[in-house]
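Before any comments, here is the structure.
Position 1 is the first residue of the sequence, and the numbers go up from there.
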Amino acid sequence: MSSTESAKPSKLPPFDAADPLGIDDLLGPEDLAIRDTVRTWATDRVLPHIAEWYEKGELPGIRELARELGALGALGMSLDGYGCAGASAVQYGLACLELEAADSGIRSLVSVQGSLAMYAIHRFGSEEQKQRWLPGMAAGEIIGCFGLTEPDHGSDPAGMRTYAKRDGEDWILTGRKMWITNGSVAGVAVVWAQTDEGDDGRGIRGFVVPTDAPGFAAPEIHHKWSLRASVTSELVMDEVRLPADAVLPDAKGLRGPLSCLSHARYGIVWGSMGAARASFEAALDYARSREQFGRPIGGFQLTQAKLADMALELHKGILLAHHLGRRMDAGGLRPEQVSFGKLNNVREAIEICRTSRTILGANGISLEYPVMRHATNLESVLTYEGTVEMHQLVLGKALTGLDAFR
């Protein structure tokens, strides 16, 4: 008998429909503990209420939810120091998956807080800014938002019209930002604006803006059909006077906001698979119990084909997210690879939701099941933090060496 044959296990473990590829074997005890903790919190705290919140278009008790998420260590989770958990990228990704399995709005709350607002301050801020804001944000006592997108400028942030001009030692900030998660409940906003700095006379800088500053307003956006259980706002800055130390000292040009977006997009790679998993599980359970023509619909070939195809894309997407997480932990994750993950996983997650809806039939449109809610949420996730077309062009440029953006 060869050494290879002797090393083979005597008995294979049973097939696990929830983990058909054995991906959990790639996770350590701490990874699994973090995942299970977040899953339990989302199951107990969000799932019993999310259909009602979504139907009413509100997220009541958001400040309490933020404090609870802070106590879990989920805010600024992969950052070090200042009260942050210092978790690995994979652990943060697992948390995003479990949060979005509950609802994209909850994952967006965490993502904007930690991967955008806190990340910007942590990476580009002064020590004074970090000490002032990060501990309270990590605890969920202070909610943050991130102001980049404008009414007329989304995919082309270089064209932003929000402007900051010098007035002695101070800055005067004027402009509008649009589609800002957490905006109307935030205590601090990281706002990006054009300035007269830079060789071309128009250098983009980031500003840490207390939301109680005179001239700052954040009216909430209503009448949404997606991300309804999420606070979305406009930011209006009418000659907001800021001290010299409000500027992020280490962020100059678009490199600053784009690096923040790349960090947040990484969380979406994982989170979108949470929405897909919840929809797939709902369809699988339904197919096992719903009877037509005298037997469960899961026993028909066409339904099994749908389930098999969804399982393929779901677990391939989780493997992709895991791979990117390991690369981030090793310090080797490129922005183009994040685009690869967001483009693939969100697109496949939407298709999984749509196919799940067909298995549930008319019940698929009911809020008694999560499928339609996840599908409509993912329509927003598909286009925020980089549309499909922008990520295609990022990859196209990387593949060809030719810039097709302009």
Side-chain angles (χ1 to χ4, degrees), residues 93 96-97 100 103-105 107-108 111-112 115-116 146 148-160 178-181 224-228 230 232 254 257-280 309-310 312-321 323-325 333-358 371-406:
C96 287
L97 187 151
E100 194 145 358
D103 192 77
S104 299
R107 199 269 309 147
S108 292
S111 182
V112 169
S115 292
L116 290 178
F146 185 87
L148 180 63
T149 297
E150 297 187 354
D152 297 320
H153 293 88
S155 295
D156 182 19
M160 71 176 69
M178 197 69 174
W179 304 114
I180 308 302
T181 298
K224 300 179 298 178
W225 286 113
S226 180
L227 288 180
R228 289 176 58 78
S230 176
T232 309
L254 278 176
L258 292 183
S259 67
C260 298
L261 288 176
S262 184
H263 196 71
R265 288 164 180 161
Y266 165 77
I268 292 173
V269 176
W270 284 90
S272 57
M273 290 295 98
R277 189 193 71 192
S279 298
F280 172 75
D309 286 345
M310 287 192 290
L312 283 175
E313 297 308 326
L314 170 62
H315 294 284
K316 283 159 57 179
I318 294 174
L319 271 177
L320 172 57
H323 171 68
L324 296 182
L333 183 62
R334 293 189 54 82
E336 297 91 343
Q337 294 165 339
V338 178
S339 288
F340 196 110
K342 183 183 187 279
L343 176 62
N344 180 81
N345 281 15
V346 181
R347 192 159 59 184
E348 295 303 327
I350 289 179
E351 188 58 35
I352 288 171
C353 289
R354 291 171 178 164
T355 304
S356 296
R357 212 288 297 172
T358 69
V371 175
M372 185 61 77
R373 174 169 54 82
H374 283 305
T376 55
N377 280 339
L378 286 171
E379 291 293 344
S380 291
V381 179
L382 185 70
T383 54
Y384 73 23
E385 297 179 27
T387 65
V388 167
E389 293 81 4
M390 296 307 292
H391 288 296
Q392 287 173 324
L393 293 181
V394 167
L395 291 175
K397 179 180 178 181
L399 292 168
T400 67
L402 303 173
D403 189 347
F405 282 94
R406 299 181 185 278

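Residue pairs satisfying the salt bridge (charged side-chain N to carboxylate O under 4.0 Å, His left out) criterion with at least one member in residues 263-280, sequence neighbours excluded, are listed as follows: Glu98-Arg277, Arg277-Glu281. The stretch residues 333-342 participates, sequence neighbours left out, in these salt bridge (charged side-chain N to carboxylate O under 4.0 Å, His left out) pairs: Arg334-Glu336. Sorted by first then second residue, the side-chain hydrogen bond (donor to acceptor under 3.5 Å, both in side chains) pairs that include residues 391-403, not counting sequence neighbours, are Ser339-His391. For residues 348-358, every residue pair satisfying the salt bridge (charged side-chain N to carboxylate O under 4.0 Å, His left out) rule, not counting sequence neighbours, is listed here: Arg354-Glu379.
Here Ser259 pairs with nothing under the side-chain hydrogen bond (donor to acceptor under 3.5 Å, both in side chains) rule; sequence neighbours left out. The side-chain hydrogen bond (donor to acceptor under 3.5 Å, both in side chains) search around Asp103 returns Arg373, Asn377, not counting sequence neighbours. Partners of Ser380 according to the side chain to side chain contact (heavy atoms under 4.5 Å, CB included) rule, which considers only residues two or more places apart in sequence or in another chain, are Ser226, Leu227. Listed by chain and residue number, Cys145, Lys177, Leu235 satisfy the side chain to side chain contact (heavy atoms under 4.5 Å, CB included) test with Ile180 (two or more places apart in sequence, or in another chain). Residues satisfying the side chain to side chain contact (heavy atoms under 4.5 Å, CB included) test with Ser115, not counting sequence neighbours, are Tyr92, Ser111, His263, Ala264. For Asp152, the side-chain hydrogen bond (donor to acceptor under 3.5 Å, both in side chains) partners two or more places apart in sequence, or in a different chain, are Arg161. Applying the side-chain hydrogen bond (donor to acceptor under 3.5 Å, both in side chains) rule to Thr383 yields no partners; only residues at least two apart in sequence or on another chain are considered. The side chain to side chain contact (heavy atoms under 4.5 Å, CB included) test applied to Cys353 returns Ser279, His374, Ala375, Leu378, not counting sequence neighbours.
Residue Ser356 comes nearest to Met310 through the heavy atom pair OG-SD, 3.3 Å, listed as atom of the first residue, atom of the second, then distance. Considering every non-hydrogen atom in both Trp270 and Cys96, the closest pair reads CB-CB, 4.2 Å. Among all heavy-atom pairs drawn from Phe146 and Val112, the shortest one is N-CG1, 4.3 Å.
Side chain of Thr358 to main chain of Thr355: a donor-acceptor pair is present (N/O by atom type, distance under 3.5 Å, no hydrogens or angles). In this structure a side-chain-to-backbone donor-acceptor pair under 3.5 Å is missing from Asn345 to Ser272.
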**Study point:** Verdict with supporting geometry, Ile318 and Leu97, side chain to side chain contact (heavy atoms under 4.5 Å, CB included)
**Key:** CA-CA 9 Å; Ile318 294 174; Leu97 187 151; 4.3 Å; yes
Check your understanding: Are Ile268 and Glu100 close enough, and set up right, to give a side chain to side chain contact (heavy atoms under 4.5 Å, CB included), and what steps lead you there?
Key -> CA-CA 9 Å; Ile268 292 173; Glu100 194 145 358; 5.7 Å; no
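Taken to the nearest 0.5 Å, the CH2 atom of Trp225 stands 9.5 Å off from the OG1 atom of Thr376.
Tyr384 and Ser108 form a side-chain donor-acceptor contact under 3.5 Å, judged by distance and modelled atom types alone.
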